[in-house]
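I have placed the structure first, in the form of structure tokens, so that the comments after it can refer back to it.
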Amino acid sequence: MLEALPQSFYLQDTVTVARQLLGCMLVYESERGRASGRIVETEAYLAADEASHSFRGPTARNGVMFGPTGYAYVYFIYGAHFCINAVTQPEGVAEAVLIRALEPVDGLALMMERRRTTVARNLCSGPGKLCQALGITGAQNGAALFDGRLRIRAGETPAAAEVVATTRVGITKAADLPLRFYLRDNPHISKR
DNA sequence: CTCTGGATTGAC
DNA sequence: TCAATCCAGAGG
């Protein structure tokens, strides 16, 4: 897609990508229609990072992380939810940015139906929630983010002072690293 | 093959 | 605060 961020965007340092994805738009054109939102929360997962799925080497689940840059790594967790990551770095270097929350923009009615709620701030305020709201499942694992029905567009760049860096959510290893980024005071972030 | 626990969510 | 729910990953 002309308007999507180019594949080369994802070759930047993974922390830089995690920061720069804030404000960008995640769009998915599903069979049932388009749904999209502005990215307001991300987390970086690095190669030398015990909390990353890629830390112990390639497996059937995490294989996309070891592949070329700019593709979606979608996995199933807790027997119930999907989470979507943007794979960064060249082939062989397994790093990614977990997209944790969106501010809903397009397809509100479809999101409300999928999420079974009409409360806007409950539609995309968590990694599992936003996948459900957009209709993203394991079928999108390995999909390009720079071309096709699942893509990330540039958005309004937030002011540097608006970006907060803190520790990641829900992990037990490397839990002290400041690799979570979100937009200050945004009502759609995943916690509180 | 069995066992453990998780990049979560929503109900209590 | 805690159970649901299932599969990936580790170990035998």
Side-chain angles (χ1 to χ4, degrees), chain A residues 10 13-19 21-22 24 26 28 35 37 39-67 69 71-89 93-104 111-143 145 150 152 163-183 186-192:
Chain A
Y10 302 95
D13 174 87
T14 299
V15 169
T16 300
V17 173
R19 285 179 170 277
L21 281 178
L22 294 175
C24 294
L26 176 64
Y28 182 50
I39 298 171
V40 297
E41 179 179 344
T42 61
E43 285 179 1
Y45 285 86
L46 309 178
D49 174 1
E50 278 193 288
S52 175
H53 289 175
S54 64
F55 186 70
R56 291 167 207 289
T59 64
R61 177 174 66 157
N62 68 20
V64 174
M65 285 187 75
F66 287 83
T69 203
Y71 289 83
Y73 166 46
V74 182
Y75 65 89
F76 188 59
I77 192 69
Y78 294 122
H81 311 288
F82 290 99
C83 297
I84 182 172
N85 296 249
V87 173
T88 60
Q89 302 297 300
V93 181
E95 303 198 343
V97 174
L98 172 67
I99 298 174
R100 287 193 56 88
L102 307 176
E103 179 177 318
M111 291 187 190
M112 288 176 179
E113 186 186 328
R114 286 170 169 154
R115 292 274 308 128
R116 300 176 198 282
T117 177
T118 55
V119 182
R121 50 194 296 174
N122 284 341
L123 294 176
C124 299
S125 53
K129 295 178 186 180
L130 73 90
C131 283
Q132 186 182 21
L134 268 59
I136 293 168
T137 69
Q140 278 68 54
N141 187 40
L145 293 170
L150 178 63
I152 297 179
V163 177
V164 180
T166 183
T167 53
R168 295 175 291 184
V169 175
I171 56 171
T172 54
K173 300 163 209 150
D176 53 332
L177 303 178
L179 294 175
R180 174 179 178 231
F181 306 95
Y182 65 89
L183 297 183
N186 190 288
H188 299 278
I189 61 176
S190 66
K191 295 238 149 163
R192 268 223 276 199

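Chain identifiers are assigned alphabetically (A, B, ...) following the order of the sequence lines, protein sequences preceding nucleic acid strands; residue numbering begins at 1 within each chain.
Side-chain contact check for A/V15 versus A/F181: some heavy-atom pair is nearer than 4.5 Å. Looking at A/M111 and A/L102, their side chains never come closer than 4.5 Å, going by heavy atoms from C-beta outward.
Of the residues in residues 79-87 of chain A, those with a non-hydrogen atom less than 4.0 angstrom from any atom of DNA chain B are A/H81, A/N85.
Interface limits on DNA chain C: the 5'-most and 3'-most nucleotides within less than 4.0 Å of chain A heavy atoms are C/dT5 to C/dA10.
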Can you check side chain to side chain contact (heavy atoms under 4.5 Å, CB included) on A/F82 and A/I136, steps first, answer last?
-> CA-CA 7 Å; A/F82 290 99; A/I136 293 168; 5.5 Å; no
Map every base of DNA chain B to its dot-bracket character, where paired means a Watson-Crick or G-U wobble contact with both distances under 3.5 Å and | marks a partner outside the strand.
-> ||||||.||||.
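What separates CD1 of A/I77 from P of B/dT4 is a distance of 17 Å, to the nearest Å. Remark: P of B/dA7 and CZ of A/R61 are 7 Å apart, rounded to the nearest angstrom. Counting to the nearest Å, the C1' atom of B/dA7 and the CZ atom of A/F181 are 15 Å from each other. The separation between A/E43 atom CD and B/dT8 atom P is 7 Å, rounded to whole Å. Spacing between atom CZ of A/F76 and atom C1' of B/dT9 amounts to 12 Å, rounded to whole angstrom units.
In this structure, a donor-acceptor pair under 3.5 Å is present between the side chains of A/R115 and A/Q132.
Put simply, A/T172 has a side-chain N or O that comes within less than 4.0 Å of OP1 or OP2 on B/dG6. Look at A/R100 and you'll find a side-chain N or O under 4.0 angstrom from OP1 or OP2 of B/dT8. When the side-chain nitrogen and oxygen atoms of A/R115 are compared with OP1 and OP2 of B/dG10, one or more of them lie within a distance under 4.0 Å.
Put simply, the residue from A/T42, A/T166, A/L98, A/V164 that forms a side chain to side chain contact (heavy atoms under 4.5 Å, CB included) with A/R180 is A/T166.
Once rounded to the nearest 0.5 Å, the distance linking CD of A/E50 with OH of A/Y45 reads 13.0 Å.
Among the protein residues, A/L98 comes within range of the nucleic acid bases, having at least one heavy atom under 4.0 Å from a base atom. Residue-level contact check: A/R168 touches neither bases nor backbone, having no heavy atom under 4.0 Å from any strand.
When atom types are taken as modelled, the side chain of A/R114 and the backbone of A/L134 share a donor-acceptor pair closer than 3.5 angstrom. A distance-only check finds a donor-acceptor pair linking the side chain of A/T69 to the backbone of A/Y10 [under 3.5 Å]. For the pair A/D49 (side chain) and A/A51 (backbone), a donor-acceptor distance under 3.5 Å is present.
Closest-nucleotide positions on DNA chain B for A/S54 and A/Q132 were compared, and the one nearer the 5' end corresponds to A/S54.
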